[in-house]
Amino acid sequence: MLTLDGVGASNCQRPFCVHSQLLTTSSEHDVIVLVVETYCNTGISHITDSSGLNFTLRVSHANGCYGTLWEYYTISTARLNQDNITVLADQCCNTIVAMQVLAVHGANMLGVFDPDPSTPAAVSCPGRGCGDCTANFGKGTCSVSIQTSTLDFVVASTAINDAPPCGPHYQTGQVQGFTSLMPNQNGRFEVDYAITSLPQTTVVFACNGTDASVILVDAISFHGALDT
């Protein structure tokens, strides 16, 4: 079944210096997901990996200077030991706000992501045309929903406008149905995940009690999906 096999960690203690993480995994044949938040019109120049992995851009979603989320992925056929993943921006000076790397085991290597047209899904807030995205320090909820077609490992990334993490106004302190992988980085960014137990499931990621600016939700299919 789908499992979380590793989480990237940085030893940098200064604000806004996280542009490199070390990742160790316990299994072979993992999908490695990298999510990056950049500031204003900053792009990603390139990504270096000490194990020689090549990352492919899956999706990006921008909301002006409120932030841009970038999602990359690659497949590792061997176990990783302190693999150094470094992201370089195309501009200088604090333009990479945050990043997070994670490894997922048990994914469908022939078609990594759920083929349902609702994935990936993204929303911008604040701004015109942002749908039901109105979270602002407990005044509302910013939500994104997807429809799965298989059993999935769902990853939700949130760019936050210098505020607390999603979920402090929920009873559990976390987004309902999700586990905080990285609850809040510099008051700007967090990553949560959920593993579905049934195909054909509507998954809703609802960020409440903070100032969300961009939410990106994606779904990785399990190994037995689509007769593979």
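The figures here come from the full heavy-atom set of this structure, side chains too, leaving out hydrogens, waters and symmetry mates. Just so you know, residue 1 is the first one in the sequence shown, and it goes up from there.
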Spacing of I195 atom CD1 and D152 atom CG [to the nearest 0.5 Å] | 10.5 Å
Note, T95 side chain near T38 side chain (heavy atom, < 4.5 Å) | no
Student check: side-chain heavy atoms of V104 and T3 closer than 4.5 Å | no
Using the disulfide (SG to SG under 2.5 Å) rule, collect all pairs that involve residues 175-206, keeping only residues at least two apart or in two chains.
-> none
Between atom OG of S51 and atom CG of D83, what is the distance when rounded to the nearest 0.5 Å?
-> 3.5 Å
Relative to F113, does R58 satisfy both conditions: NZ or CZ under 6.0 angstrom from the six-membered ring centre, and within 45 degrees of the ring's axis?
-> yes
Heavy-atom side-chain proximity of S197 to L151 below 4.5 angstrom | no
Counting only N and O atoms by type, is there a donor-acceptor contact under 3.5 Å from the side chain of T148 to the main-chain atoms of T201?
-> yes
Has the side chain of T74 got a donor or acceptor atom that lies under 3.5 Å from a matching backbone atom of F55?
-> no
Would you say the side-chain atoms of T86 and H19 include a donor-acceptor pair closer than 3.5 Å?
-> no
Of all the heavy-atom pairs spanning A206 and V175, show the shortest one and how long it is.
-> O-CG1, 3.5 Å
Donor-acceptor pair between T24 and Q82 side chains, under 3.5 angstrom | yes
If you take all heavy atoms of S149 and P115, which pair is closest and at what distance?
-> OG-CD, 3.6 Å
Pair V87-S20, side-chain contact (heavy atoms from CB on, under 4.5 Å): steps then yes or no = CA-CA 6 Å; V87 180; S20 178; over 6 Å; no
In terms of hydrophobic clusters joined by side-chain contacts under 4.5 Å, are L88 and L34 together?
-> no
Residue pair Q147 / T202, side-chain donor-acceptor N/O under 3.5 Å | yes
How about F205 and F178: do any of their side-chain heavy atoms sit closer than 4.5 Å?
-> yes
Interatomic distance, CG@D114 vs CD1@I220, rounded to 0.5 Å, equals 10.5 Å
Side-chain touch V36/I44, heavy atoms, less than 4.5 angstrom | yes
Heavy-atom closest pair (S145 atom, A121 atom, distance to 0.1 Å) is O-CB, 4.1 Å
Determine, step by step, whether S124 and H61 satisfy the side chain to side chain donor-acceptor pair (under 3.5 Å) criterion, reporting the C-alpha distance in whole Å, the side-chain angles of both residues, the deciding distance to 0.1 Å, and the verdict.
-> CA-CA 8 Å; S124 298; H61 187 83; 2.7 Å; yes
What one should report as the nearest heavy-atom pair of G67 and E37 is CA-OE2, 4.1 Å
Side chains of D192 and S180: donor-acceptor distance under 3.5 Å anywhere?
-> yes
d(N108 CG, F222 CZ) to nearest 0.5 Å is 8.5 Å
Any side-chain heavy-atom pair of F189 and Q100 under 4.5 Å | yes
Shared hydrophobic cluster for V59 and V31 (ILVMFWY, side-chain gaps under 4.5 Å) | yes
Same apolar cluster: V7 and L22, side chain cutoff 4.5 Å = no
Answer with yes or no whether the hydrophobic clustering places L181 together with V33; edges join I, L, V, M, F, W, Y residues whose side-chain heavy atoms lie under 4.5 Å apart.
-> yes
Hey, do the aromatic rings of Y193 and F153 have their centres closer than 6.0 Å?
-> yes
Any sub-3.5 Å donor-acceptor pair from E28's side-chain atoms to R79's backbone N or O?
-> no
Between the side chains of T119 and D218, is a donor N or O closer than 3.5 angstrom to an acceptor N or O?
-> no
Give the C-alpha distance, both sets of side-chain angles, the deciding distance and a yes or no for side-chain contact (heavy atoms from CB on, under 4.5 Å) between V203 and T196.
-> CA-CA 8 Å; V203 179; T196 62; 3.7 Å; yes
Correct closest heavy-atom pair for M99 and I85 would be CE-O, 3.9 Å
Just do the side-chain contact (heavy atoms from CB on, under 4.5 Å) check on C142 and V123 with the steps written out, would you?
-> CA-CA 9 Å; C142 181; V123 67; 4.1 Å; yes
Look at atom CG of N41 and say whether more than 12 heavy atoms of other residues, nucleotides or ligands are closer to it than 6.0 Å.
-> no
Looking at side-chain heavy atoms only, is the closest gap between V155 and V191 below 4.5 Å?
-> yes
List the atom of G43, the atom of D90, and the distance in Å for their closest heavy-atom pair.
-> N-OD1, 2.8 Å
Verify the distance criterion only: is there a donor paired with an acceptor across the side chains of N63 and T68 at less than 3.5 Å?
-> no
Do C207 and I215 pass the side-chain contact (heavy atoms from CB on, under 4.5 Å) test, and can you show the C-alpha distance, the side-chain angles, and the key distance before you say yes or no?
-> CA-CA 9 Å; C207 181; I215 296 179; 3.9 Å; yes
Between S213 and N161, does any side-chain donor sit less than 3.5 Å from a side-chain acceptor?
-> no
Could you verify whether a donor N or O on one side chain and an acceptor N or O on the other, from D5 and S26, lie under 3.5 Å apart?
-> yes
To the nearest 0.5 Å, how far apart are CG in L110 and OG in S221?
-> 11.0 Å
Test item: I47 and N54 side chains (from C-beta on) under 4.5 Å apart, heavy atoms = no
Rounded to the nearest 0.5 Å, the CG atom of D211 sits from the CD1 atom of I160 at a distance of 8.5 Å
Connected via hydrophobic side-chain network under 4.5 Å: I75 and L2 | yes
Is the backbone N or O of I32 less than 3.5 Å from a side-chain atom of D30, with the two atoms forming a donor-acceptor pair by type?
-> no
